[in-house]
Enquirer: 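Structure below; questions to follow.
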Protein chains: 2
Amino acid sequence: MTARRGGGPTMHDVGKLAQVSAMTVSRVLKNDPGVSQATRERVFAAVDQLGYRRNETARSLRLGGSGMIGLVVTNLANPFYSRLALGVQEVATEYGFRVVLSNSAEQVEKEPGLVDGLIDHQVEGLIVVPAGSRQKHLADAMRHVPVVLAARPPAGLDTDCVLVEDFHGAREATASLLAEGHTRIAFLGNPPALYTGTERLRGFWAAHEEAGVEPDNTLIRQGLVDAATAEQAAAELLDRADGPTALFCTNNRISHGAIRALHKAGTTIPLAGFDDFELSDVLGLPLTLVSYDADEIGRQAARLLIDRLDQRDGQPPAARRVTVPTRVIRHGPPSAGPGAGPRPLA
Amino acid sequence: MTARRGGGPTMHDVGKLAQVSAMTVSRVLKNDPGVSQATRERVFAAVDQLGYRRNETARSLRLGGSGMIGLVVTNLANPFYSRLALGVQEVATEYGFRVVLSNSAEQVEKEPGLVDGLIDHQVEGLIVVPAGSRQKHLADAMRHVPVVLAARPPAGLDTDCVLVEDFHGAREATASLLAEGHTRIAFLGNPPALYTGTERLRGFWAAHEEAGVEPDNTLIRQGLVDAATAEQAAAELLDRADGPTALFCTNNRISHGAIRALHKAGTTIPLAGFDDFELSDVLGLPLTLVSYDADEIGRQAARLLIDRLDQRDGQPPAARRVTVPTRVIRHGPPSAGPGAGPRPLA
DNA sequence: CTGTTAGCGCTTTCAA
DNA sequence: TTGAAAGCGCTAACAG
């Protein structure tokens with residue numbers, strides 16, 4: 001077992017050196033106006049000399065609040081989450097809160113433990129991007145602190161959330177493919193248990209209905225969890241004689257897998273999908289991407305949470321739902337339309 | 001100002017319900033063997049009923065150790081840092097430590113504040129990827145807790161660090177370009193104040209010397225801080241009549257900028273650089289990338305730190321330096337060599 | 001303007 | 001096997 005360190009100087013030590021009580025040191029450090037300038041200076045001198053740092057742990061205990069909010073995400077390596085984290089941090093800092101980040105590293109089953117851990121460490125609130133569809137651990141968490149969901153709606157919980165225009169974005173991007181004349185568009189999606197998955201499928205479907213095109217069910221693949229599974233699914237579809245003339249991908253990792261499949265097959269067909277990504281514009285592929293501001297999701301979530309913290313004494317406000325807009329981006333060569341069929345790469 | 005929450009049930013409350021003292025509750029929760037089975041069960045029942053969670057803040061205060069280590073990075077959106085963070089977390093968890101992540105969001109001047117904040121929150125040790133070359137704040141930090149540096153060496157500090165084979169990797173990648181006959185290779189690098197910058201330039205230079213090629217100083221651009229500045233620098237070089245026949249980039253963001261410049265110029269020449277990146281293999285560009293395991297940097301750093309924490313009572317060990325190996329990866333079409341000159345894109 | 005007292009929730013130590 | 005007392009470092013509330 002690892003030894004724990006005892007500790008450095010305390011306010012008492014500082015006080016002794018500055019010839020005042022610990023209480024006065026506390027006042028000086030808190031910028032309490034009721035301290036003479038002379039004393040103030042002596043205290044600061046003592047602080048410097050001892051290299052004293054106030055113990056926030058003791059402070060939290062005494063004050064009954066840690067000044068921390070917890071953020072739980074699945075995968076920081078995905079820019080979506082790291083941008084979201086930046087947004088949370090930006091707003092939290094502004095309001096004097098510190099953010100403690102927890103990363104479930106793609107393991108859904110770790111999420112409840114992370115949430116509990118954060119609560120044990122006295123975070124005053126939580127922002128969570130739930131990895132799975134089970135939210136019981138979040139209901140438990142809500143017994144202790146306010147919880148705000150990001151990018152996923154609550155399932156049986158009465159709390160705030162920040163969502164992307166999933167339906168709208170998917171419909172718009174799909175419609176753009178349909179407008180180019182594509183009628184055989186493959187859908188590559190994450191597990192239907194995820195809200196974003198079903199919602200984006202709904203948008204995909206709605207665009208078809210509006211265009212009077214019947215979607216081909218055999219071109220719909222859900223349950224893709226990462227770039228590798230997406231690549232395989234895409235490869236299988238591309239291999240079919242009656243394969244798709246365009247692809248729709250529900251997130252950046254799935255797009256990556258699909259792009260890799262296209263590359264390996266040595267062909268290309270138009271691809272639409274959620275999430276813009278780095279270098280998407282230099283791939284030279286016909287891409288239609290649904291882009292949105294992940295930072296903004298984080299900022300909004302932080303605002304909702306802090307607002308709830310401010311209201312802690314009064315009536316808890318009714319659950320709110322904030323939506324972050326999407327916009328469609330076009331990259332690469334203009335689509336040749338479905339007639340051209342799969343195009344060999346240059 | 002934000003109200004602070006009072007608090008949920010305490011051990012005292014649990015004890016009252018289970019008809020034991022708080023002390024016994026503490027023992028049960030700690031798995032202390034000296035408690036009767038019957039009592040144990042009553043306590044657990046009370047814990048469940050109240051939804052009790054042990055207050056880690058109070059615990060830390062009493063124990064004189066928080067069980068947390070701090071990690072400071074500049075930019076979580078860069079996969080290098082998020083992978084590193086994963087590695088740290090992996091090892092820390094294994095040893096029962098929690099990781100508190102702090103992100104300076106590219107603002108070098110925020111780093112000292114983050115470090116101080118973590119110390120105030122009683123982290124038992126720190127892992128830092130220093131953003132700049134000034135390390136005075138780290139010297140201050142070392143007065144309180146052990147500090148391990150990742151990806152940068154200490155400058156005037158006596159402490160452990162984990163480094164990449166910067167020199168070796170740069171030399172090897174450059175050598176591969178030289179072997180293809182290139183003699184006019186541009187160097188696009190980050191500010192020389194950063195260790196990785198100068199070290200990678202040294203490798204670049206050494207490869208030239210070994211090949212008997214005189215590097216052209218006018219092709220060397222240092223001080224590039226992001227993709228945008230790199231893009232501009234690359235564009236300027238490509239625009240010259242006596243421009244380079246190949247590029248060397250010192251990190252992923254600079255590579256991204258250079259690739260975009262190539263794309264906009266509508267030409268391509270071989271590019272070598274540090275850091276592999278997503279979709280590098282489907283760009284269809286002749287790339288020579290120096291790849292390494294960022295997770296492993298994090299893991300090693302965590303090991304060094306935890307080892308130091310274990311030795312806290314005894315003699316502090318001498319500063320150690322661990323190196324993580326690099327390997328060179330080739331992507332895209334075989335280089336046509338310098339004779340071919342800039343090649344129009346397909 | 002400054003100090004004393006008490007206690008945040010927990011655990012170590014000592015006693016029963 | 002269990003409990004009482006003391007105190008980790010800090011600060012609100014009350015003196016002086």
Side-chain angles (χ1 to χ4, degrees), chain A residues 1 3-44 46-47 50-68 119-124 144, chain B residues 1 3-43 46-47 50-67 119-124 144:
Chain A
M1 206 46 203
R4 306 296 184 194
R5 70 187 214 103
T10 72
M11 279 192 176
H12 212 88
D13 300 325
V14 175
K16 203 156 45 178
L17 187 59
Q19 314 196 53
V20 291
S21 72
M23 194 58 235
T24 298
V25 177
S26 173
R27 289 198 181 95
V28 170
L29 266 39
K30 188 192 315 178
N31 263 317
D32 189 311
V35 182
S36 77
Q37 188 55 29
T39 309
R40 195 176 286 281
E41 278 163 17
R42 260 183 304 135
V43 169
F44 278 130
V47 164
L50 295 175
Y52 171 77
R53 310 243 81 220
R54 186 162 60 178
N55 183 333
E56 287 294 327
T57 299
R59 197 171 146 80
S60 297
L61 180 60
R62 180 63 234 243
L63 296 177
S66 61
M68 304 191 299
I119 289 176
D120 292 350
H121 280 280
Q122 306 299 113
V123 295
E124 302 189 28
H144 299 96
Chain B
M1 202 53 217
R4 307 297 187 190
R5 70 186 213 102
T10 71
M11 278 193 177
H12 213 87
D13 301 324
V14 175
K16 204 155 44 180
L17 186 59
Q19 315 198 49
V20 291
S21 72
M23 195 55 239
T24 299
V25 177
S26 173
R27 288 198 181 96
V28 170
L29 264 40
K30 190 193 312 179
N31 263 317
D32 190 312
V35 182
S36 77
Q37 190 56 28
T39 309
R40 192 176 289 280
E41 279 163 17
R42 260 184 302 135
V43 168
V47 165
L50 295 175
Y52 172 77
R53 309 242 82 223
R54 186 162 60 180
N55 183 332
E56 288 294 327
T57 299
R59 198 172 145 78
S60 296
L61 180 59
R62 182 60 235 240
L63 295 175
S66 61
I119 289 176
D120 292 349
H121 280 280
Q122 306 300 112
V123 296
E124 302 190 27
H144 299 96

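Naming: A, B, ... by sequence-line order, numbering from 1 per chain. This structure is a prediction, so every number in the text was calculated from the model and none was measured.
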Enquirer: Would you name the heavy atoms of B:Thr10 and B:Tyr52 that are closest together and state the gap between them?
Expert: C-CE1, 3.6 Å
Enquirer: With sequence neighbours left out, what residues match A:Asp120 under side-chain hydrogen bond (donor to acceptor under 3.5 Å, both in side chains)?
Expert: B:Arg53
Enquirer: Rounded to whole angstroms, how far apart are CD on A:Glu56 and P on D:dC8?
Expert: 19 Å
Enquirer: Return each pair, listed once, that meets salt bridge (charged side-chain N to carboxylate O under 4.0 Å, His left out) where at least one residue sits in residues 12-22 of chain B; pairs must be two or more places apart or across chains.
Expert: none
Enquirer: Is a donor on one side and an acceptor on the other found under 3.5 Å between the side chain of B:His121 and the backbone of B:Ser66?
Expert: no
Enquirer: With sequence neighbours excluded, tell me which residues meet side-chain contact (heavy atoms from CB on, under 4.5 Å) with A:Ala18.
Expert: A:Val20, A:Arg42, A:Val43, A:Ala46
Enquirer: Under 4.0 Å from any atom of DNA chain D, heavy atoms only: list the residues of residues 31-43 of chain A that qualify, in numerical order.
Expert: none
Enquirer: Can you name the atoms? Protein N/O to nucleotides 12-16 of chain D N/O, anything below 3.5 Å, with the distance.
Expert:
from: D:dA12; atom 1: OP2; to: A:Lys30; atom 2: NZ; distance (Å): 3.0

Enquirer: Just compare C:dT11, C:dG9, C:dG3 and give me whichever is closest to any side-chain atom of B:Arg59.
Expert: C:dT11
Enquirer: CG of A:Leu50 versus C1' of D:dG9: gap in Å, rounded?
Expert: 15 Å
Enquirer: How would you list, by chain and number, every residue that makes a side-chain hydrogen bond (donor to acceptor under 3.5 Å, both in side chains) with A:Gln19, sequence neighbours excluded?
Expert: none
Enquirer: Looking only at side-chain N and O atoms, does A:Thr24 come under 4.0 Å of OP1 or OP2 in C:dG3?
Expert: yes
Enquirer: In whole Å, what is the span from the CG atom of B:Leu61 to the P atom of C:dC10?
Expert: 12 Å
Enquirer: Using a cut-off of strictly less than 4.0 Å, decide whether B:Thr10 has a side-chain nitrogen or oxygen near OP1 or OP2 of C:dG9.
Expert: no
Enquirer: So what is the end-to-end bend of the helix from C:dC1-D:dG16 to C:dA16-D:dT1, with 5 pairs used at each end and the value given to 10 degrees?
Expert: 40°
Enquirer: Output side-chain donor-acceptor pairs under 3.5 Å for residues 57-65 of chain A, partner residues at least two apart or in another chain, one line each.
Expert:
from: A:Ser60; atom 1: OG; to: A:Glu56; atom 2: O; distance (Å): 2.8

